[in-house]
Amino acid sequence: MKLKKVIKWTGIAILVSLVLGFLALFVAYWRSTNECFRNAGSVNNPMKAIVHCEYGSPDVLKLEDVEKPVPNDNQLLVRVRAASINPLDLTIRGPWLIRPLLGMRKPKDTRLGVDYAGVVEAVGKNVTQFKLGDEVFGGKNGALAEYVCVLADRSVVLKPANMTFEQAASVPVAAITALQGLRDKGKIQAGQKVLINGASGGVGTFAVQIAKSFGTEVTGVCSTRNVDLVRSIGADHVIDYTKEDFIQSEQRYDLIFDLVGNHSFSERRRILNQNGICVMAGIGGAGWHDGMAMRLAGELNAYVRSRFVSQKFITYIAQFNKQDMTLLAGLMQSGKMTPVIDRTYKLNQTAEALRYLEQGHARGKVVIKVE
Ligand SMILES: NC(=O)c1ccc[n+]([C@@H]2O[C@H](COP(=O)([O-])OP(=O)(O)OC[C@H]3O[C@@H](n4cnc5c(N)ncnc54)[C@H](OP(=O)(O)O)[C@@H]3O)[C@@H](O)[C@H]2O)c1
């Protein structure tokens, strides 16, 4: 009798929670708005920026006048000279899974881009590390614009003099992802054998060079047209995935840095050494491609199953910090890392640039020049 009551009330509680949850989502969906609708027509000191008021394909992007930011006492105003785009910018499509974070019906943040390089045009009164005219690069939301305001103690550093603005702007997200994946998650050590799956893309071209800078033996996996490129940036061996499947090789690796996730847990485990690590950094080039959901499920499965074996399968989200940005600037300064730029577009061609990136076959980075 008592059990029946417990089951009945549990059922009612679940039903009520579901109805309330659904109502909350429904209300959040219809209340969801953004600054496009709040501030329409009220720009006092304009600058040009890429804006998306709605979710959708790159066609929703517009180059518009928005309010030019004003630095506070701890910030720099940077005149952006170049920016670069990343798979992350394709959240303009508004994937439903992450809409509770992005905004249910409309994107909360209407600005786009993160990576930038430019010139300091104003500094807050507490800023001592930078001065007017300094050439800098870093990461800041809304970087696809003429200006950004950034906190001086965050992820902004001096641009190495031997790098162009376009090269420096291609670095932040992609190179930090490669560095933190290899060093912090992969525990990379000199003399190790490292395999990089997806070696020819934005992250992969940095990963090959960073792995080499640690004194490792690097094997890059890419398609036929990118074999020479991957070899030219330092890979000791290159596997053309259209001709050979790397999991069939007799070679064993200490570290797999996997940007594609197109092999199972068992397949990758077979080519890892006893205490090897597989860093699961991505699920293939930018944009939607067949089997993405399966890849995601496969990575989750690998993460769980690796708890019970000697090899580790790890995933992560890269985080900006000044120390790592400084390290990357040093790698460029010393010539150990040179960005690979595939294509350069103008700010008013950002939609075209994203359409290209979305095809998933960029060779290095796609850069936006801001004039
Ligand atoms: N964990 C994080 O914090 C983090 C941060 C940034 C990015 N990511 C993820 O990392 C992945 C790569 O990002 P990205 O910026 O490098 O993307 P991207 O620039 O769009 O990568 C494109 C590259 O992927 C290669 N590729 C596609 N299918 C492949 C396959 N089956 N085998 C080997 N290479 C293949 C393509 O080479 P071909 O043209 O030769 O096919 C192309 O060179 C994405 O899934 C992204 O979401 C994760």
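Whatever order the structure lists them in is the order used to number ligands and atoms, beginning at 1. When a residue number appears, it is its place in the shown sequence, counting from 1.
Taking atom 28 (N) of ligand 1 as the reference point, the nearest protein heavy-atom neighbour is Tyr241 OH, 4.0 Å. Protein heavy atom at the shortest distance from atom 47 (O) of ligand 1 is Pro87 CB, 3.9 Å. Of the protein's non-hydrogen atoms, the one nearest atom 7 (C) of ligand 1 is Val203 CG2, 3.9 Å. Atom 36 (C) of ligand 1 has its closest protein heavy atom at Gly360 O, 3.6 Å. Gly198 CA, 3.4 Å is the protein heavy atom nearest to atom 34 (N) of ligand 1. When only non-hydrogen protein atoms are considered, atom 31 (N) of ligand 1 lies nearest to Asn262 ND2, 3.3 Å. Scanning the protein for heavy atoms near atom 4 (C) of ligand 1, the closest one is Thr177 CG2, 3.5 Å. Among protein heavy atoms, the minimum distance from atom 40 (O) of ligand 1 is reached at Ser223 OG, 2.4 Å.
Centroid-to-centroid, the aromatic rings of His263 and Phe246 come within less than 6.0 Å. The six-membered or imidazole ring of Phe313 lies near that of Phe265, with a centre-to-centre distance under 6.0 Å.
Within 6.0 Å of CG in Asp290 there are 12 or fewer heavy atoms belonging to other residues, nucleotides or ligands. Heavy atoms from other residues, nucleotides or ligands lying under 6.0 Å from CE of Met294 number 12 at most. Other residues, nucleotides and ligands contribute at most 12 non-hydrogen atoms within 6.0 Å of the CD atom of Gln323. More than 12 heavy atoms of other residues, nucleotides or ligands lie within 6.0 Å of NZ in Lys68, so this atom counts as buried by the packing criterion. Environment of CZ in Arg154: sparse, with no more than 12 heavy atoms of neighbouring residues, nucleotides or ligands closer than 6.0 Å.
At a 4.0 Å heavy-atom cut-off, ligand 1 touches Arg225 through the side chain alone. With a heavy-atom cut-off of 4.0 Å, Thr315 does not touch ligand 1 at all. At a heavy-atom cutoff of 4.0 Å, ligand 1 is contacted by the side chain of Val260 but not by its backbone.
Applying the 4.0 Å criterion to heavy atoms of Asn197 picks out, from ligand 1, the atoms 32 (N), 33 (C). Near Ile317, the atoms of ligand 1 lying under 4.0 angstrom from a non-hydrogen atom of the residue are 3 (O). Atom numbering of ligand 1 starts at 1 in the shown order; those under 4.0 Å from a heavy atom of Ala281 are 1 (N), 2 (C), 4 (C), 8 (N), 9 (C), 10 (O), 48 (C). Taking every heavy atom of His361 and a limit of under 4.0 angstrom, the matching atoms of ligand 1 come to 38 (P), 39 (O), 41 (O), 42 (C). For ligand 1 and Leu259, the ligand atoms under 4.0 Å from any heavy atom of the residue are 10 (O), 11 (C).
The shell of residues lying under 4.0 angstrom from ligand 1, judged by heavy atoms, includes Gly284. Within the 4.0 Å heavy-atom cutoff, Asn86 does not count among the residues contacting ligand 1.
Residue Arg363 places no N or O, backbone or side chain, under 3.5 Å from any N or O of ligand 1. Residue contacts with ligand 1: Arg295 is placed with no nitrogen or oxygen under 3.5 Å of a nitrogen or oxygen of the ligand (distance criterion only). For a threshold of 3.5 Å applied to N or O pairs, the pair formed by Gly282 and ligand 1 contains no separation below that value. In terms of polar-atom proximity, Cys222 is not counted as a contact of ligand 1, lacking any N or O under 3.5 Å from an N or O of the ligand. Residue contacts with ligand 1: Ala362 is placed with a nitrogen or oxygen under 3.5 Å of a nitrogen or oxygen of the ligand (distance criterion only). No N or O atom of Val173 sits closer than 3.5 Å to an N or O atom of ligand 1. Polar contact with ligand 1: present for Gly202 (N/O pair, distance under 3.5 Å). For Ile283, a nitrogen or oxygen atom sits less than 3.5 Å from a nitrogen or oxygen atom of ligand 1, counting backbone and side chain alike.
Between the side chain of Asn72 and the main chain of Gln75, a donor-acceptor pair closer than 3.5 Å is present.
To the nearest 0.5 angstrom, Lys369 atom NZ is 8.5 Å from Thr164 atom OG1.
Cation-pi geometry between Lys140 and Tyr116 is not satisfied (NZ or CZ under 6.0 Å from the ring centre, within 45° of the ring normal). A cation-pi contact, defined as under 6.0 Å to the ring centre and within 45° of the axis, is absent between Arg305 and Phe308. Relative to the ring axis of Tyr356, Arg343 places its NZ or CZ within 45° and under 6.0 Å from the centre.
Inter-residue side-chain proximity for Val238 and Cys222 is flagged as met; some heavy-atom pair is nearer than 4.5 Å.
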Exercise for the section: Could you check Asn86 against Asp115 for side chain to side chain donor-acceptor pair (under 3.5 Å), going step by step and ending with a plain yes or no? Expected result: CA-CA 9 Å; Asn86 293 286; Asp115 298 337; 2.9 Å; yes

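With respect to the salt-bridge test (charged N to carboxylate O, under 4.0 angstrom), the residues Asp254 and Lys193 do not qualify.
Using a 4.0 Å threshold on non-hydrogen atoms, atom 26 (N) of ligand 1 does not count as touching the protein.
For the side chain to side chain contact (heavy atoms under 4.5 Å, CB included) test with Val194, the passing option among Ile256, Ile277, Thr216, Asp236 is Thr216; the others fail.
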